[in-house]
Each structure stands twice: as C-alpha cells, then as structure tokens.
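In this text the structure is predicted, and so the values were computed from the model without any measurement. Both ligands and their constituent atoms are indexed starting at 1 by order of listing.
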Amino acid sequence: MSQKIRSADGILQVIPLPGHPAILPKAGETNILITSALPYCNNVPHLGNIIGSTLSADVFSRYNRTRNRSTLYICGTDEYGTATETQALKEGITPRELCDKYHVLHKETYEWFDIGFDYFGRTSTPLHTEICQETYKNLGKNGYLEPQSKEQTYCEDCGRFLADRFVEGTCPHCGYEDARGDQCDSCSRTLDAIELIRPRCLVNKSHHVVPRSSTHMYVKLDTLQPQTEAWIKQAAKKGKWSANSVVQTTHSGSNSDVEIIDARMKGGLIPAPLTRDLVWGVPVPELGREDDALMMEKVLYVWYDAPIGYPSITANYTPDWKKWWFNPKDVNLYQFMGKDNVYFHTVYFPSIQIGDGRDWTMLHHLSTTEYLNYEGGKFSKSRNRGVFGPQARETGIPASVWRYYLLSTRPESADAMFSWADCIAANNNVLLNNFGNFVNRVLKFISSQYQGIVPNNPDSDSPGPLSLNDPTDSVFISQVNHLLQDYILLMDSVKLRQGLQTIMSLSQLGNSYLQSSGLNKALMSSDPTRTAQVLSRALNLIYVLSALVEPYMPATADAMLIQLNAPKRAVPEVLSTDILAGHEIGKPAHLFKKIEEGMAEKFREQFGGDEAKVVSTTKSASATGSSKSKSKSKSKKQDPPAPVYTAPSDVKGGE
Ligand SMILES: [Zn+2]
Ligand SMILES: [Zn+2]
C-alpha cells in the first residue's frame with residue numbers, strides 16, 4: 001500500500017520504545033526520568049494501586065515519548081522487610097520464593113494493562129545491595145549516623161528479635177488479647193511491640209518472649225532538616241508541586257509561596273532508624289568504626305532501601321545509570337505514588353540524598369492520587385471484594401477500555417469510586433459513540449467511496465499547517481488548535497484526567513465537523529472538491545488523535561495507525577495536512593465494541609466478594625439488571641458464561 005506522508009523534522013516519533021537499547025539522557029535537552037512507587041511484593045495490586053502509580057506514570061512517560069523527549073520509566077517490586085518474611089512464613093516458602101512468585105504476578109498484571117516500563121526490576125539484586133550500602137557508608141562518613149539502644153521483644157527459642165508482625169499479645173490500653181505488634185485491632189491504637197502484655201511469638205505460642213536491648217543505627221534527620229527544608233522550598237516552586245501533605249502553595253500573583261505543613265517537620269524531625277533485626281534485607285555494611293560490632297547480622301530498614309530501588313533498578317537496566325541519577329542539570333525526575341507515600345518521597349529520601357553528599361538527581365515533580373474505592377465500599381483482598389491483578393482480563397473488557405475508564409476517573413483531588421455501570425457507560429457512550437464513531441465514519445467513507453485512496457483534486461490542501469484564514473473552516477481549525485494547546489499544557493503539568501477529556505472534546509469536534517459539513521454521498525456528487533477537503537481535514541485530525549490517545553490507550557493508537565497505514569506521529573502543536581492526497585489507508589474496523597448494560601450486575605456479583613455471593617439472587621437467565629432482587633436465596637444459581645459483547649452496533653451517520 002502506498003504511503004504519502006508529509007516529511008519534515010518533528011512530524012514522526014523518534015524515541016525508541018521499551019525493549020530497545022538503553023535510553024540515556026541527552027546533554028542540554030529536557031530528559032524525563034519517571035518512577036512509580038515500587039509495589040510491595042507480598043500481594044497482588046488492585047485497580048486503585050494501578051491507577052495511583054503505575055498506570056498514571058505510564059501515561060506520562062508515553063506522553064513524553066510522543067513529544068520526542070528522552071524518557072525513562074523505571075519501576076519494580078519492593079522485596080525486603082518484615083511483611084515479606086511474615087507472608088513467606090504463612091505460605092510455607094522462603095522469602096526469596098515468595099518474591100519470585102509475586103514479582104511475576106505483578107509483572108503479568110502490568111503487561112496485561114499495557115504498562116510500558118522501560119524496565120521492571122526488583123530490589124533483591126546485588127546492585128541494589130551495593131548502592132544501598134554505598135549510600136549508607138556516605139551517610140556515616142558525613143557524620144549523619146548515630147547508634148541508639150532500645151528495648152525490643154526477643155524470642156529466646158527462635159533466637160532472634162521479633163519484628164512487629166511476628167509478635168502478638170494483650171493490648172496495654174484495652175486488654176484485648178490478640179493485639180498485633182504494631183496495632184490493636186480492638187481499640188485501633190498504634191503500638192510498639194515492647195508495650196504488649198504477655199507477648200507471644202507467632203512462630204510458636206509456647207516460645208519464651210522477653211525484652212532485650214538492641215542497638216540500631218539512626219540517620220540524623222534533625223541535623224539535616226535545615227538543608228531538607230531549603231531544598232523542599234525551592235523544589236516545590238520549580239517543580240510546581242500541588243498542595244499535598246507536606247507543602248502548601250499559596251498562589252498569590254506571579255510569586256507563589258511555599259509553606260511546609262508536614263506535622264513531623266513542624267514539630268522538628270527526629271533521628272530515624274535505618275536498621276532492623278531481620279534476615280531478609282540488605283546487610284548493614286561496616287563503617288570502620290567502633291560501633292560496627294553492634295550492627296552485626298542486622299539489615300537495612302526497608303523504608304531506607306526501598307527508595308534506593310529506583311536508582312538500583314536503573315543500574316540493572318543500564319551500566320550508565322549514573323547519567324540519569326547524578327545529572328540534576330539535564331534530568332527532570334517525576335515520581336508517581338499514592339498519597340500515603342508522599343512523606344517518604346519529599347522529606348525522607350531527599351534528606352538521605354542530601355546527607356549522602358553526591359550530586360543526586362532529586363525529585364522535580366510528584367504526582368499523587370487519592371483513593372479509588374469500589375462500588376460504594378473499599379477494595380478488600382481478604383474479603384475478595386474488587387478487581388485484583390490478573391482478574392481484569394476475566395471480564396473480557398479490553399485493556400484500552402480499562403485504561404480509559406480508570407484514567408477518566410483518576411482520583412486527582414478527591415477519592416473516586418469505581419462503578420461497573422459507569423465503566424460500561426464510558427465504553428458505550430464515549431469510546432464507541434464519540435471517539436470510535438468519528439474515526440470509523442471517516443475511514444469507512446474513504447474506503448467504500450474512494451477505494452481507500454485519499455481523494456486528490458486541484459484544490460487539495462497543501463502539505464503543512466492549515467491556515468487560520470481558511471475560507472470555509474477557520475472556526476474548526478482554530479478550535480482544534482486551541483484544544484491542542486490545552487492538551488499540551490495539561491499533559492506537561494501532569495493533569496492526566498483533563499488531558500483525556502480534551503482528547504474526547506477533539507473527537508466530538510470532529511463529529512460536529514462531519515455533521516455541519518454534511519459529509520455524505522450526495523455531497524460527493526454535488527461538490528467533490530469540498531468532500532475531498534472535509535475528508536482530508538478529518539483524516540488528519542484522526543492522525544493527530546492517534547498521537548494524543550497513545551499515552552492513554554496504546555493498543556487503540558496502534559489499531560488506528562494500522563487503519564491509517566501511517567507511522568507514529570509526534571504530538572503536533574497545530575492541525576496540519578500530513579496524510580496527503582493519493583495516500584492509501586488500511587482496512588477500517590471498529591475500534592470499540594458495545595458492552596451490554598446487563599453485564600454490570602454480572603460483574604458486581606463476580607467481583608463483589610463473599611457478601612455479594614450470599615445475596616446473590618436467583619434472577620432469571622435473561623436478567624436485564626433493571627431491578628435488583630434482594631431475596632437471600634441460598635441456591636447460588638450460576639448463569640452460563642455469556643459473551644461480553646454483542647455484535648458491533650452500526651456506526652452512526654451515513655454514507
Ligand atoms: Zn519464637
Ligand atoms: Zn487495644
């Protein structure tokens with residue numbers, strides 16, 4: 001098929017996709033380093049985790065690639081610590097085996113969601129150990145480490161200190177007998193394991209548990225605080241941090257002030273422990289000091305080693321990792337996380353970097369989300385409520401639609417609610433009827449009326465940007481350009497939900513354009529010149545849309561490019577004629593398919609957890625979902641598996 005695409009600098013995407021030789025920053029350019037919070041390796045992620053960090057970061061990294069910026073997106077599993085040891089104990093396997101298992105589950109889940117990390121690594125690697133130990137030694141060399149001794153619970157039979165999760169006992173506040181080492185489930189108070197009355201070892205209740213003093217190394221966050229504060233104030237301004245739990249920005253005039261509101265900083269930071277009495281972790285290295293002997297057989301605390309996972313995973317990706325991580329001049333670091341992680345990324349880890357003393361690439365902009373809830377409640381793994389990890393694919397709903405719905409409800413400023421009815425409505429009303437309809441109507445017209453060849457005529461638009469003084473379409477062209485500018489501004493400031501809305505406004509504009517131009521067979525015979533013009537402009541808007549939508553729905557963008565028979569376009573700043581007359585398009589096909597509304601009830605039942613199964617109704621096989629029966633019948637009637645999709649509805653508009 002012959003391609004006729006305008007050639008000029010900057011039209012096409014040139015940034016290699018993940019899986020190609022290592023991407024490195026280019027001197028003197030804006031280079032984008034992206035991380036999403038490392039998922040902890042003892043569980044599978046639910047949709048709320050996915051939207052909060054990995055998916056959002058993926059959209060932002062794909063966006064930067066569509067702008068031809070050198071972009072590196074790094075993530076991986078956070079593997080060390082007590083929680084892994086506890087879970088491994090429960091499953092009767094070693095921590096290493098547990099991490100191997102969950103690392104794969106995480107990786108598969110993200111792959112299914114089309115999350116395109118440049119590298120998805122893990123923290124239990126030799127390079128991670130090396131980089132953690134090096135940073136620790138630098139902290140020691142610079143005088144920021146001091147030992148402190150404290151009483152801890154020790155099991156004489158296990159011969160080791162019991163981390164919070166390995167010990168239970170009676171709550172000193174309310175007398176509840178099964179209080180955990182870190183919290184009492186009865187009175188909800190936070191506990192220190194040493195406070196428990198009659199502490200029990202979880203390995204064996206008959207074990208003898210006693211208090212014993214243990215020494216740990218602490219990092220002097222108090223000494224570092226003035227430097228950390230000064231850094232936060234300038235970084236928050238430069239990286240345009242939005243108000244969060246650490247800072248508040250007051251936008252008055254051109255000079256926005258940054259106020260630090262974190263309670264811990266206001267009260268004065270205190271030294272934080274960097275070590276733990278555990279086995280599964282990075283061994284504490286020797287500092288060449290007298291107190292080394294006190295640190296024998298201890299490991300680095302997981303909150304200390306986890307943020308170092310970002311550079312260490314990068315080191316596993318390329319030996320040139322320092323070009324990303326010790327290059328604050330050329331690299332902007334964007335970090336994505338849930339709101340509960342903010343302190344560690346804005347205060348704790350930057351303090352460590354400052355104390356380490358090297359010229360680290362530090363946080364430029366952080367993007368946090370609030371919580372995504374599920375159908376009027378919370379996601380709950382223990383009650384099996386909500387969609388976890390690989391289950392999303394069981395619905396038959398394609399990843400692109402999942403991504404669209406999750407991103408369109410991204411909890412940017414308040415908690416959001418996942419709802420099956422909304423998810424199905426988003427597919428049917430927005431993706432199918434708006435976006436998909438516009439693309440299909442244009443391509444099908446060219447295919448059926450012009451044998452797939454973009455029509456040529458003496459008045460065809462010349463290659464390049466369309467003029468704002470166009471005699472027929474100046475309003476349309478300026479509206480498109482305006483929305484394009486909005487899109488770029490929104491995306492550069494990581495306003496992902498609004499960026500997506502802007503794309504849908506553009507395709508809506510495309511639909512109105514076809515409507516107001518009266519594109520149909522009658523126009524084709526009465527005014528072939530105008531018909532060719534409308535088609536060319538609509539087709540080139542579709543080409544633009546393929547680039548705009550790529551960060552959100554990469555598979556949809558790929559399908560559009562195949563149908564357009566065109567290479568990946570970079571995001572343009574104005575609408576231009578890039579697919580030229582004489583170009584041959586591919587075979588049009590529907591981008592989306594209708595999901596029956598009745599499926600909402602089916603999914604609610606399938607993913608509603610145990611409570612949904614109890615109230616599961618004996619509804620007729622042809623349930624419409626219009627009225628919910630509340631009968632608590634015990635007979636769990638299983639409907640035969642029904643196909644998710646009906647036949648594609650015919651496109652609106654006429655040929
Ligand atoms: Zn024990
Ligand atoms: Zn209690």
Side-chain angles (χ1 to χ4, degrees), residues 40-43 79-102 124 147-217 263-264 267 270 272-284 293-305 340 343 371 377-383:
Y40 201 70
C41 206
N42 67 341
N43 219 330
E79 308 200 343
Y80 287 132
T82 328
T84 311
E85 280 197 12
T86 319
Q87 184 66 23
L89 206 62
K90 239 185 241 171
E91 299 193 16
I93 51 180
T94 66
R96 165 68 66 190
E97 285 165 343
L98 184 93
C99 290
D100 288 348
K101 171 181 155 188
Y102 282 104
S124 61
Q148 286 185 18
S149 297
K150 214 175 98 174
E151 296 257 287
Q152 282 186 288
T153 43
Y154 182 83
C155 176
E156 292 186 327
D157 296 281
C158 289
R160 66 173 188 174
F161 287 97
L162 298 174
D164 294 347
R165 293 178 192 230
F166 281 105
V167 56
E168 273 183 7
T170 303
C171 172
H173 304 289
C174 72
Y176 179 61
E177 288 185 0
D178 295 318
R180 292 179 289 133
D182 52 353
Q183 195 180 19
C184 171
D185 283 336
S186 176
C187 69
S188 297
R189 285 197 176 83
T190 340
L191 299 174
D192 190 330
I194 196 72
E195 299 175 88
L196 292 171
I197 302 163
R198 288 183 299 277
R200 302 184 298 269
C201 171
L202 280 189
V203 174
N204 186 323
K205 283 181 186 172
S206 69
H207 281 182
H208 197 227
V209 178
V210 295
R212 183 184 279 200
S213 170
S214 176
T215 304
H216 285 288
M217 199 59 90
R264 279 171 275 200
I270 54 171
L274 293 191
T275 59
R276 279 288 190 264
D277 291 297
L278 276 183
V279 180
W280 183 239
V282 174
V284 178
L294 299 169
M295 292 299 124
M296 300 268 279
E297 291 179 9
K298 296 185 195 244
V299 301
L300 295 173
Y301 184 28
V302 68
W303 266 116
Y304 168 76
D305 91 71
D340 46 343
Y343 171 83
Y371 295 121
K378 287 194 183 321
F379 284 88
S380 166
K381 184 74 188 122
S382 56
R383 287 186 298 140

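- A salt bridge does not link Asp277 with Arg160: none of the charged nitrogens is closer than 4.0 Å to a carboxylate oxygen.
- Proximity of Asp192 to Gln152: side-chain heavy atoms (C-beta onward) are nowhere separated by under 4.5 Å.
- Asp340 has its side chain within reach of Tyr371: a pair of non-hydrogen atoms, C-beta onward, lies under 4.5 Å apart.
- Residue-environment remark: CD (Glu177) stays at or below the threshold of 12 foreign heavy atoms within 6.0 Å.
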Residues Leu300, Val284; criterion side-chain contact (heavy atoms from CB on, under 4.5 Å); working and verdict: CA-CA 6 Å; Leu300 295 173; Val284 178; 4.1 Å; yes
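- Heavy atoms from other residues, nucleotides or ligands lying under 6.0 Å from NE2 of His208 number 12 at most.
- With no hydrogens or angles considered, no side-chain donor-acceptor pair links Tyr304 and Thr275 at under 3.5 Å.
- Of all protein N/O/S atoms, those under 2.8 Å from the Zn ion (ligand 1) are Cys155 SG, Cys158 SG, Cys201 SG, His207 ND1, and waters are not counted.
- Taking a cut-off of 2.8 Å, the protein N, O or S atoms nearer than that to the Zn ion (ligand 2) are Cys171 SG, Cys174 SG, Cys184 SG, Cys187 SG.
- Considering only heavy atoms from C-beta on, Glu79 stays 4.5 Å or farther from Tyr102 through its side chain.
- Annotation for Ile270: atom CD1 does not count as buried by contact number, only 12 or fewer foreign heavy atoms lying within 6.0 Å.
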